[in-house]
Amino acid sequence: MTDYVIPDPEPKEIDEKLSLELRYLAQNAVLKGKPSGAEKCENCVYYLENTADLSYCWHPKLRILVGAQWWCQWWEELGEAQ
Ligand code: SF4
């Protein structure tokens, strides 16, 4: 048996960088963690997997993981074909 103690998890420099980028994206995109009326990521054309609670947003200005109940200014209605 070893005396090694697993250290408490701590964010690394890359996490802080990504967090800052997400904050900028959120500010620029008016990205909100809640729907705007009936508009939300899960019924947006850019939400990759419409049955998932979390999915990838492929909008060219975002390209990040978002929640089904989130919303941003670039919301676009899903077409009938999708
Ligand atoms: S464009 Fe906006 S509303 Fe549409 S999936 Fe991406 S973050 Fe959500």
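FYI, the numbering just counts along the sequence from 1.
- Both Val66 and Trp74 belong to a single network of hydrophobic side chains, linked directly or stepwise wherever heavy atoms of I, L, V, M, F, W or Y lie under 4.5 Å apart.
- Residues Leu54 and Gly67 approach most closely at CD2-CA, 3.9 Å, considering heavy atoms.
- Here the straight-line distance linking atom OH of Tyr24 with atom OG of Ser19 works out to 10.0 Å at 0.5 Å rounding.
- Not counting sequence neighbours, the partners of Asn43 by the side chain to side chain contact (heavy atoms under 4.5 Å, CB included) test are Lys40, Trp75.
- Closest approach of Cys44 to Leu78, counting heavy atoms only: O-CD2, 3.8 Å.
- Other residues, nucleotides and ligands contribute more than 12 heavy atoms inside 6.0 Å of the CG atom of Asp15.
- Lys32 NZ to Cys41 SG: the interatomic distance, rounded to the nearest 0.5 Å, is 13.0 Å.
- For the residue pair Val30 and Gln73, the shortest heavy atom distance occurs at CG2-OE1, 3.0 Å.
- Note: Leu22 CG to Leu62 CG = 9.5 Å, rounded to the nearest 0.5 Å.
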Between Gln69 and Lys34, is the side-chain contact (heavy atoms from CB on, under 4.5 Å) condition met? List the steps. CA-CA 5 Å; Gln69 300 301 311; Lys34 55 187 178 186; over 6 Å; no
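- In this structure, the separation between CD1 on Ile14 and CD on Glu21 is 7.5 Å, given to the nearest 0.5 Å.
- Atom NE2 of His59 and atom CD1 of Ile64 lie 11.5 Å apart (nearest 0.5 Å).
- With hydrogens and angles disregarded, a donor-acceptor distance shorter than 3.5 Å links the side chain of Tyr47 to the backbone of Ala52.
- Here the side chain of Trp58 pairs a donor or acceptor atom with the backbone of Tyr46 at under 3.5 angstrom.
- By the 6.0 Å contact criterion, CD on Gln27 is enclosed, its count of non-hydrogen atoms from other residues, nucleotides or ligands being greater than 12.
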